[in-house]
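Step one of this worksheet: look at the structure below.
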Amino acid sequence: MSSVVERFDDKARDAFDRIGQNEIHVGELQRHRVYTRFLHWMVALFFFLALFSGFGIYLPWLFRWFTPIFGGGPMARALHPWFGLGFVTFFGLQTLNWIAPMKWTPADTRWMRNLKNTVGGNEKMEPPDTGFFNGGQKAQFWEIVAGSVIYLITGIILWAGARTFGRWAVAVSYVLHDISAIVMLGGIFIHIYLSTIGEPGTFQAMIRGAVSEAWAWTFHPAWYKEVTGRDPAQACEEARQHGRFEGR
Amino acid sequence: MSDRKTLQVRQISGHSGTPPGFDTQRDAEVCKLIDTTICIGCKACEVACVEWNDMPFSPTTFDNTYQTMPATRWNFWNLIKFNEHQREDGTIQWLMRKDQCMHCADPGCLRACPADGAIVQYTNGIVDFQQENCIGCEFCVSGCPYDIPKFNPATKKVYKCTLCSDRVGASLEPACIKACPTGCLKFGTKDDMKFIAEERSKQLRDNFGFKDAGVYDPQSIGGTHVIYVLHDAENPERYGGLTKNPVIPWSYTVWKWLFKPVLGAFAMFGLLGVLLHYITVGPRVPQPEPPLKPQPPKKEGSDVQRS
């Protein structure tokens, strides 16, 4: 099974690399390949379509102004499950694509224990054992995997309705569906914040596919060491002495 | 103003303040009384409902009973549920119940509905669907304890008995009441119907030997605006699955009206949180951190030249 997934992913990555491009400048490292970026933006597109078309159903008295965007209430209701299916489909492919680097390690547990210092801004650099993804990113990823499963099951129950699954199944699904939505909504604020203004230099990883070397040794030192073979702390110190500030 | 009585006094000459009786129009709660003990299963009410509401033909089924079809449909809001009940002494009793929307005082459909203005409850107790506002999500189906709202796949809207709100609004009784030949159906204020129903139940208990006869007006949903007189009020399920203790799923109360807004606000606090983080802690930048201002070129003698 896993080898089948790997072969599928490898083929997809190669196919998308032929279509798209990676723009990598001097002093930069390749972060995300075209296939990953394509899936990321498709997931993002369908996530927001589903989110906004669902707002009017979630809290009509507050968000009824969202529904005209989708052609009115009935149309928003009709489209919402299809947007959701698009989200789950593309995130399913992303899950296959990312399942190897997203494996939880003891380093991630240590990272989560250290969360207070990270959020408080006391640590300028990530711990040296932080790999391609840190504990926070992995937590976010697995939350969305779990959330997508809940979305899919409860969404189908809500879609087919009480006529098929009974009224109590709908009543329970409706709560679980909402909880998943709230958790993901909170998560997306953090995700967008950190990937744009919160940690500058991150956004281009999903646009061009590249990050600066300084970004790499700061936020993912173990990954930096893996791809360059150099010691991240030493590289940082050298950069400081030579006055090369390429971070921004 | 249009719903006011036309000859209600608005102003009186030489009179201070509002005229006596102004804005004190009586909003009586209406009620349909169904006396199942008198029903002969003639189905005049079924036909009257289809006729008045101008609904398309609905094919019926034959299952060796007098029942027209198994359940109500989007275009068939009024169905006599026909049940043969074998009593303890071996004799057969026909239990016929007119099945339609119960017009609950606390309507589960309305609680569950997320569409703006799709379900309304009038002050007289009638619960009405406004199909032009319906988004077709069918949450009302899950909210209803009586399995009444029915979905039309063609229009993607949900339909049910309106208690002939169009007729009642014009001071007429519902079409089914008009058609009933036995006096099994009665229409009036809730108080009056409740009184008649209690009297009839007492009569059934005292004079006809139905010791469990009673009125079906379940208080778990605040009562209904369609009430029944039953031979056996202890077992309403015998009358084609009439729910004894109808309940609305708790999620439509606790979750929809309490946790939804609260947790929605929490999500918004998340947005506020990251903005506060940016202001108080600030972004994390790649190390070494770039200097705030570009350093002046370190050339010897530059200070001398400038001064």
Side-chain angles (χ1 to χ4, degrees), chain A residues 56-62 64 67 72-78 118-121 123-125 158 161-163 166-172 174-175 178-179 182 185-187 189-190 192-194 197-201 211-212 214-219 236-237 239-240 243-248, chain B residues 108 112-118 132-145 147 149-151 155-157 248-252 254-256 259-261 263-275 277-278 280-291 294-295 298:
Chain A
I57 304 168
Y58 178 73
L59 274 183
W61 50 270
L62 188 59
R64 60 163 68 99
T67 48
M75 190 57 94
R77 156 69 180 88
T118 314
V119 173
E123 285 201 350
K124 298 288 182 198
M125 293 176 77
L158 292 172
R163 283 179 294 142
R167 52 197 294 253
W168 287 95
V170 170
V172 171
Y174 147 85
V175 175
D178 282 5
I179 289 173
I182 291 164
L185 184 65
F189 288 137
I190 299 166
I192 293 175
Y193 171 66
L194 288 178
I197 60 173
E199 287 178 356
V211 289
S212 72
W215 185 95
W217 71 56
T218 307
F219 298 121
C236 179
E237 195 49 44
R240 185 169 283 134
R244 287 166 52 212
F245 302 118
E246 294 159 336
R248 290 240 140 123
Chain B
C113 181
D116 190 10
E132 68 270 26
N133 295 329
C134 175
I135 62 170
C137 68
E138 297 180 75
F139 279 16
C140 54
V141 179
S142 70
C144 177
D147 189 25
K150 291 288 151 70
F151 185 68
T155 59
K156 299 261 190 293
K157 308 280 182 190
I248 304 166
W250 57 269
S251 56
Y252 290 120
V254 182
W255 181 256
K256 197 179 174 191
F259 284 104
K260 259 194 181 199
L263 291 176
F266 266 115
M268 290 299 140
F269 277 124
L271 187 62
L272 199 66
V274 294
L275 289 174
H277 183 267
Y278 189 74
T280 56
V281 179
R284 298 171 81 203
V285 294
Q287 300 295 321
E289 202 170 342
Q295 298 278 330
K298 287 177 184 172

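Keep in mind that the numbers below use all heavy atoms, side chains included, and drop hydrogens, waters and symmetry copies. Each chain gets a letter, A, B and so on, in the order the sequences are listed, and its residues count up from 1. Being a predicted model, the structure only gives us computed values, none of them experimental.
- Across every non-hydrogen atom of B:Pro288 and A:Trp217, the tightest pair is CD-CZ2, 4.1 Å.
- Looking at every heavy atom in both residues, B:Ile135 comes nearest to A:Arg77 through O-CG, 3.1 Å.
- The closest donor-acceptor contact from the side chain of A:Tyr193 to the backbone of B:Tyr278 lies under 3.5 Å.
- No other option in A:Leu194, A:Leu62, A:Leu59, A:Leu185 has as many heavy-atom pairs under 4.5 Å with chain B as A:Leu59.
- In this structure the side chain of B:Pro114 reaches within 4.5 angstrom of the side chain of A:Ile57, judged on heavy atoms.
- Contact annotation for B:Val274: both backbone and side-chain heavy atoms come within less than 4.5 Å of a heavy atom of chain A.
- Annotation for A:Met75: atom CE does not count as buried by contact number, only 12 or fewer foreign heavy atoms lying within 6.0 Å.
- Looking at A:Thr118, the atoms closer than 4.5 Å to chain B (heavy atoms on both sides) sit in the backbone and in the side chain alike.
- Aromatic ring pairs are classed by plane angle as parallel below 30°, tilted from 30° to 60° and perpendicular above 60°; the pair B:Tyr252 and A:Tyr174 is tilted.
- Nearest heavy atoms, A:Gly120 versus B:Val281: O-CG1, 3.5 Å.
- Contacts of A:Arg167 classified as side chain to side chain donor-acceptor pair (under 3.5 Å), with partners at least two apart in sequence or in another chain: none.
- The two atoms that bring B:Ala267 and A:Phe189 nearest to each other are O-CE1, 2.9 Å, heavy atoms only.
- The main-chain N or O of B:Gln287 is found under 3.5 Å from a side-chain atom of A:Thr218 such that the two form a donor-acceptor pair.
- B:Phe139 touches chain A through its side chain: at least one heavy atom from C-beta onward sits under 4.5 Å away, while N, CA, C and O do not.
- Within a 6.0 Å sphere centred on CZ of B:Phe259, other residues, nucleotides and ligands contribute 12 heavy atoms or fewer.
- Across B:Pro145, B:Ala115, B:Ala112, the residue that shares the most heavy-atom pairs under 4.5 angstrom with chain A is B:Pro145.
- Among B:Gly282, B:Gly273, B:Gly108, B:Cys144, the residue with the largest count of heavy-atom pairs under 4.5 Å with chain A is B:Cys144.
- Chosen from A:Gly161, A:Gly73, A:Ala78, A:Ala171, the residue pairing most often with chain B at heavy-atom distances under 4.5 Å is A:Ala171.
- Using a 4.5 Å cut-off between heavy atoms, A:Ile179 contacts chain B through both its backbone and its side chain.
- Residue B:Trp250 places its CH2 atom among 12 or fewer non-hydrogen atoms of other residues, nucleotides or ligands, all under 6.0 Å distant.
- Ranked by heavy-atom pairs under 4.5 Å with chain A, the list B:Lys256, B:Lys157, B:Lys150 is led by B:Lys256.
- If you tally non-hydrogen atom pairs under 4.5 Å between each of B:Leu263, B:Leu275, B:Leu271, B:Val141 and chain A, the highest count goes to B:Leu271.
- Residue B:Phe151 touches chain A through its side chain alone, counting heavy-atom pairs closer than 4.5 Å.
- Chosen from A:Arg163, A:Glu237, A:Glu123, the residue pairing most often with chain B at heavy-atom distances under 4.5 Å is A:Arg163.
- Note on B:Pro249, B:Ala118, B:Gly270: by heavy-atom pairs under 4.5 Å with chain A, the leading option is B:Pro249.
- Using a 4.5 Å cut-off between heavy atoms, A:Val119 touches chain B through backbone and side chain atoms alike.
- Between B:Cys134 and A:Pro74 there is no side-chain heavy-atom pair separated by less than 4.5 Å.
- The most heavy-atom pairs under 4.5 Å with chain B, out of A:Gly56, A:Pro60, A:Ala76, A:Gly186, come from A:Pro60.
- In this view, A:Asp178 and B:Trp255, B:Lys260 satisfy the side chain to side chain donor-acceptor pair (under 3.5 Å) rule, not counting sequence neighbours.
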